[in-house]
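Working notes, beginning with the structure itself.
Remember, it's a predicted structure, so these values are computed and weren't measured experimentally.
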Amino acid sequence: MKDNSSQPRVPGRWFAAGTIFGEAVLVAALGAAFAFAANQISPRGLALTRDYFPSGTTHSVRPVASDGLPSAAGTNSEALSPADFLAARMKEKGLQLLDDRQAARLFHEPRFPQGAIVFIDARDEEHYQQGHIPGAYEFDPYHPEKYFDVVLPLCQKAEQVVVYCNGGDCDDSESAAILLRDVGISNQKIFVYGGGITEWTTNNLPVETGARNSGNVRTNDK
Amino acid sequence: MKIGQTSQGRIALDTSAVLARWLLGAVFIYMGLSKALHPVDFLKLLRQYDLTQSSLLLNSMAAALPWFEVFCGMLLLAGIAVRGTALALIAMIVPFTLLVFHRALLLQSVLAIPFCAVKFDCGCGGGADFICRKVLENFLLILLSTWLLAGNGRQLSLRFNLLKSSS
């Protein structure tokens, strides 16, 4: 490796500021080219022109306090409780909100196994595998092209479509619901289960691990 | 004796500077890769700053920033264009730290908790952390970058100055 230590140091240390600035600009330009090329090549790369947040890019995620509990309000909803915040957000997006009792009732209806009610899990594959509402279909709104073939015909046939994610600050279920609405699923039959899988497991309702209909169903009952 | 001590001090300083360059390079490669491997997560975190209404711009930032960090980290490890890279990093870290600081102040006012008790994932690459620790980390990164910008860390570098006239 080349050692440049023999070059004069003190006199020119700050003298060539313009050259250093030029070097920084060059690094920035080459770095940007490298970055976009790497993103393009990467199988996990982002599609630059895709709208990953159909409900808006500036919608703030509610903060988490130091005790790890979701905060009472977000940066743009200081006066609202979490439930009110969620309801207001749904209304703003023209979506219908489902509470835990309604979600559980739909889950236990005989129409669910018949396909008239469809549950959609709007989380990524890893979380889906770790545990989802039994019979729910995976639909990651950040990679919808992978799931449309399976999910769309089911949603078109269904009378009610229940979309959920983690609950709390997660708004991926809303993104998924809007995606489904945008591709022609009637808004009247799309419902967002706001409490999500967190509330579902807290209520000791069954959770299926692994693939859909894997048979590995458990509850939190001890 | 005095000359020997000065020489030893010089060697120690040079060694420290090279180690600092390598450390900084490794940190940026690690932080960059941790985001580049989960770009959607980083995109969601970046979104919390309400930087832009344009999805194209937001996607571009989320796509490019992690790999840019990796690129700068590799340059620092190899010792190529060190001063320019250090300046580019400072130009990136300072505004981002101000954004994180601003976000933390906002959270503090909403949560009504002490500033240092504010904890959130700033998208820096290390997951959720207390704001004071994060600001301190960023301050150290800026400090190390400034040290390299001043011309230190030349030893074991492939091409310390990419443009010839910078001394």
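- The ring-ring contact (aromatic ring centres under 6.0 Å, His included) test applied to W200(A) returns F107(A), not counting sequence neighbours.
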Go through the steps for D171(A) and R47(B) under the test salt bridge (charged side-chain N to carboxylate O under 4.0 Å, His left out), then give the verdict.
CA-CA 12 Å; D171(A) 61 354; R47(B) 182 189 180 208; 3.1 Å; yes

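- Using a 4.5 Å cut-off between heavy atoms, A38(A) touches chain B through backbone and side chain atoms alike.
- For L43(B), the parts sitting under 4.5 Å from any heavy atom of chain A are the backbone and the side chain alike.
- For the atom pair CD1 (I20(A)) and CG (L162(B)), the distance works out to 12.5 Å, reported to the nearest 0.5 Å.
- In this structure, chain B has a heavy atom under 4.5 Å from the side chain of L26(A), while its backbone stays farther away.
- Annotation: F139(B), atom CZ; neighbour count of heavy atoms from other residues, nucleotides and ligands within 6.0 Å does not exceed 12.
- Residue N59(B) holds its CG atom at 9.0 Å from CG of N39(A), rounded to the nearest 0.5 Å.
- Heavy-atom distances place the side chain of L75(B), and not its backbone, under 4.5 Å from chain A.
- Most heavy-atom pairs under 4.5 Å with chain A: of the set L46(B), D121(B), L65(B), L87(B), this distinction falls to L87(B).
- When each of A88(B), A81(B), A91(B) is scored by its heavy-atom pairs under 4.5 Å with chain A, the top score falls to A81(B).
- Residue contact with chain A, scored on non-hydrogen atoms closer than 4.5 Å, is absent for M92(B).
- Closest of all the heavy-atom pairs between C72(B) and V27(A) is SG-CG1, 4.3 Å.
- Neither the backbone nor the side chain of D124(A) comes within less than 4.5 Å of any heavy atom of chain B.
- The CG atom of D51(A) sits 9.5 Å away from the OG atom of S54(B) when rounded to the nearest 0.5 Å.
- Side-chain contact between E23(A) and N161(B): present, with at least one pair of heavy atoms (C-beta onward) separated by less than 4.5 Å.
- Counting heavy atoms from C-beta on, the side chains of L58(B) and F53(A) come closer than 4.5 Å.
- One finds the CZ atom of F68(B) at 9.5 Å from the CG atom of L30(A) (value rounded to the nearest 0.5 Å).
- The nearest pair of heavy atoms linking A63(B) to L48(A) is CB-CD2, 3.7 Å.
- In this structure, Q102(A) places its CD atom where more than 12 heavy-atom neighbours from other residues, nucleotides or ligands lie under 6.0 Å away.
- With respect to chain A, the highest number of heavy-atom pairs below 4.5 Å among T85(B), L45(B), I131(B) belongs to T85(B).
- In this structure, the portion of V82(B) lying under 4.5 Å from any heavy atom of chain A is its backbone and not its side chain.
- Looking at A37(A), neither its backbone nor its side chain comes within 4.5 Å of chain B, counting heavy atoms on both sides.
- With a 4.5 Å cut-off on side-chain heavy atoms, V40(B) and H143(A) count as touching.
- Atom OH of Y30(B) is surrounded by 12 or fewer heavy atoms from other residues, nucleotides or ligands within 6.0 Å.
- Closest of all the heavy-atom pairs between G31(A) and F71(B) is CA-CD2, 3.3 Å.
- When the shell of 6.0 Å around CZ of F115(B) is examined, it contains more than 12 heavy atoms from other residues, nucleotides or ligands.
- The side-chain heavy atoms of D172(A) and K44(B), taken from C-beta on, include a pair separated by under 4.5 Å.
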